[in-house]
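Working notes, structure below.
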Number of protein chains: 2
Amino acid sequence: MNTNQEAWLAPRAAVFKALGHPSRLFIVETLRQKPHCVCELTELIGADTSTISKHLSVLKNAGVVHSSKSGTTVYYRLACDCLSGMLDATESILRKRAESANASLTGSFGATR
Amino acid sequence: MNTNQEAWLAPRAAVFKALGHPSRLFIVETLRQKPHCVCELTELIGADTSTISKHLSVLKNAGVVHSSKSGTTVYYRLACDCLSGMLDATESILRKRAESANASLTGSFGATR
DNA sequence: CGCATTTTTGGCCATTTTGCCAATAAACCG
DNA sequence: CGGTTTATTGGCAAAATGGCCAAAAATGCG
């Protein structure tokens, strides 16, 4: 894995990394409905405002969300419709994982007895 | 964010978290072509075998890859076709990010002088 | 069986991440 | 302007992650 490959990988991994934290994923799921301001997200998650602000900063730097200021409040929204597809894809992955977990419990011949 | 929501989020975040590391993302990109064994991936990435093995373990626990043993060698492959879609989605996200970065540099009137 | 090959696991340390508090910044209101 | 609300930044301690080495499994081969 050379320097060029790493440079190509880094921003792509950053997108997944940003989504790879429960609070941040919750934010993205929430923004799927409609834009929200920091204080609303803070309320919903139940953490310190500064914590949420930093999570939003991670999401923004990765390119996952956009922000727009209106007075003193800042609204965040998803940067790309394609995020819905990504979120849905995890459902397929988890469904398949559940199936194969089941299959290995059941054994090759489906006999549970 | 209550316990139920956290339980729902955790496995989904784990999928993204697994993809959110350059080496692991490289592995997934590589497996997109065809299955590979640990030693091949080790060679391609240039890290210790144990490091790669642990990365693969993370991907496997998240449900991203499957493994099958053949003799002493273990082959890994993608668990879901939907991963291609996820990887492609990052391209859209990064493209949009590049565009908006450009727009903000250019300013509201597109005058760069 | 004894040995080689491939992979996984355990242990350790350096680095990164996370989350809180405090302080600062930005914008509105009276 | 001074005070209030909303958000961001800095700093710190605790927790998690990543990577290497060494050791242990697991499998095939002579």
Side-chain angles (χ1 to χ4, degrees), chain A residues 1-3 5-6 9-28 30-31 35-62 64-77 104, chain B residues 1-3 5-6 9-28 30-31 35-62 64-77 104:
Chain A
M1 219 169 61
N2 61 43
T3 314
Q5 290 174 311
E6 278 171 23
L9 288 164
R12 285 154 183 84
V15 171
F16 289 117
K17 194 174 180 179
L19 296 169
H21 183 285
S23 297
R24 290 195 292 263
L25 187 55
F26 180 88
I27 289 171
V28 172
T30 303
L31 297 185
H36 287 270
C37 65
V38 181
C39 58
E40 288 168 340
L41 296 167
T42 298
E43 179 82 16
L44 287 168
I45 293 175
D48 197 271
T49 311
S50 66
T51 301
I52 304 303
S53 181
K54 284 178 183 173
H55 279 314
L56 287 165
S57 167
V58 171
L59 288 167
K60 192 175 181 177
N61 285 328
V64 174
V65 302
H66 282 160
S67 66
S68 54
K69 203 168 197 172
S70 166
T72 59
T73 81
V74 179
Y75 287 93
Y76 283 86
R77 65 199 144 70
S104 67
Chain B
M1 221 169 62
N2 61 43
T3 314
Q5 290 174 313
E6 279 169 25
L9 288 165
R12 286 154 183 85
V15 171
F16 290 117
K17 195 172 179 179
L19 297 168
H21 184 284
S23 297
R24 290 196 292 262
L25 187 55
F26 180 88
I27 289 172
V28 172
T30 303
L31 296 186
H36 288 269
C37 65
V38 181
C39 58
E40 288 168 340
L41 295 168
T42 298
E43 178 83 16
L44 288 168
I45 293 176
D48 197 90
T49 311
S50 66
T51 300
I52 304 303
S53 180
K54 283 179 184 175
H55 279 315
L56 286 165
S57 168
V58 171
L59 288 168
K60 191 175 181 178
N61 284 328
V64 174
V65 303
H66 282 159
S67 67
S68 54
K69 204 167 199 174
S70 167
T72 59
T73 81
V74 179
Y75 287 93
Y76 283 86
R77 64 197 145 72
S104 67

Quiz item: For A:Val58 and A:Thr72, take the nucleotide of DNA chain C holding the closest heavy atom to each; which residue's nucleotide lies nearer the 5' end?
Solution: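 Closer to the 5' end of DNA chain C: A:Val58.
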Practice problem: Using heavy atoms to find the nearest nucleotide of DNA chain C for A:His21 and A:Gly71 separately, return the residue whose nucleotide is more 5′. | Solution: A:His21
Quiz item: side-chain contact (heavy atoms from CB on, under 4.5 Å) between A:Ile45 and A:Ile27: does it pass, once the steps are laid out?
Solution: CA-CA 8 Å; A:Ile45 293 175; A:Ile27 289 171; 3.6 Å; yes
What is the distance from [atom1] of [X] to [atom2] of [N], rounded to the nearest Å?
X       : N      : atom1 : atom2 : value
B:Ile45 : D:dC20 : CD1   : C1'   : 15 Å
A:Leu59 : C:dT17 : CG    : P     : 14 Å
A:Phe26 : C:dG19 : CZ    : P     : 14 Å
B:Lys17 : C:dT18 : NZ    : P     : 8 Å
B:Tyr75 : C:dT7  : OH    : C1'   : 13 Å
B:Ile52 : D:dG19 : CD1   : P     : 8 Å
A:His55 : C:dT17 : NE2   : C1'   : 10 Å
B:Ile27 : D:dG19 : CD1   : C1'   : 13 Å

Practice problem: Go through the N and O atoms of the side chain of B:Lys54 and the base of C:dG11, and report whether any donor-acceptor pair is under 3.5 Å. | Solution: yes
Practice problem: Using only heavy-atom distances, decide whether a donor-acceptor pair under 3.5 angstrom links the side-chain of B:Lys69 to the base of D:dG28. | Solution: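 Answer no: no donor N or O sits under 3.5 Å from an acceptor.
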Quiz item: With B:His36, which residues qualify under ring pair (Phe, Tyr, Trp, His ring centres under 6.0 Å), at least two apart?
Solution: none
Taking the side chain of [X] as heavy atoms from C-beta outward, which of [options] is closest to it?
X       : options               : value
B:Thr49 : D:dC21, C:dC21, C:dT8 : C:dT8
A:Asp48 : C:dT7, C:dT18, C:dC21 : C:dC21
B:Cys39 : D:dC21, C:dT5, C:dT7  : C:dT7

Quiz item: Once you round to the nearest 0.5 Å, how far does CD1 of A:Ile52 lie from SG of A:Cys39?
Solution: 11.5 Å
Quiz item: Which pair of heavy atoms, one from A:Ala14 and one from A:Ala62, lies closest together, and at what distance?
Solution: O-CB, 3.7 Å
Quiz item: Which part of the nucleic acid, if any, lies within contact of A:Ser50, taking any heavy atom under 4.0 Å across all strands shown: a base, the sugar-phosphate backbone alone, or nothing?
Solution: base
Quiz item: How would you label the contact of B:Thr73 with the nucleic acid (heavy atoms, under 4.0 Å): base, sugar-phosphate, or nothing?
Solution: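 Here B:Thr73 touches the backbone only, sparing every base.
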Practice problem: Specify the angle, to 10°, made by the local axes at the two ends of the helix from C:dC1-D:dG30 to C:dG30-D:dC1 when five pairs are taken at each end. | Solution: 20°
Practice problem: Would you please confirm or rule out a distance under 4.0 Å between OP1 or OP2 of D:dG18 and any side-chain N or O of B:Thr51? | Solution: no
Exercise. Could you tell me whether the phosphate oxygens of C:dT6, OP1 or OP2, come under 4.0 Å of any side-chain nitrogen or oxygen in B:Tyr76?
Key: no
Quiz item: Does atom CD of B:Glu43 have more than 12 heavy-atom neighbours, drawn from other residues, nucleotides or ligands, at distances under 6.0 Å?
Solution: no
Quiz item: Is there a donor-acceptor pair under 3.5 Å between the side chain of B:Ser53 and the backbone N or O of B:Thr49?
Solution: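 Here the side-chain-to-backbone pair does not exist.
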Donor-acceptor pairs are to be reported for all side-chain atoms of residues 64-71 of chain A against protein atoms at under 3.5 Å, with residues two or more places apart or in another chain.
| residue | atom | partner | partner atom | Å |
| --- | --- | --- | --- | --- |
| A:His66 | ND1 | A:Arg77 | NH1 | 3.3 |
| A:Ser67 | OG | A:Lys60 | NZ | 2.6 |

Self-check item: Worked check of side-chain contact (heavy atoms from CB on, under 4.5 Å) between B:Leu9 and B:Met1
Solution: CA-CA 10 Å; B:Leu9 288 165; B:Met1 221 169 62; 3.8 Å; yes
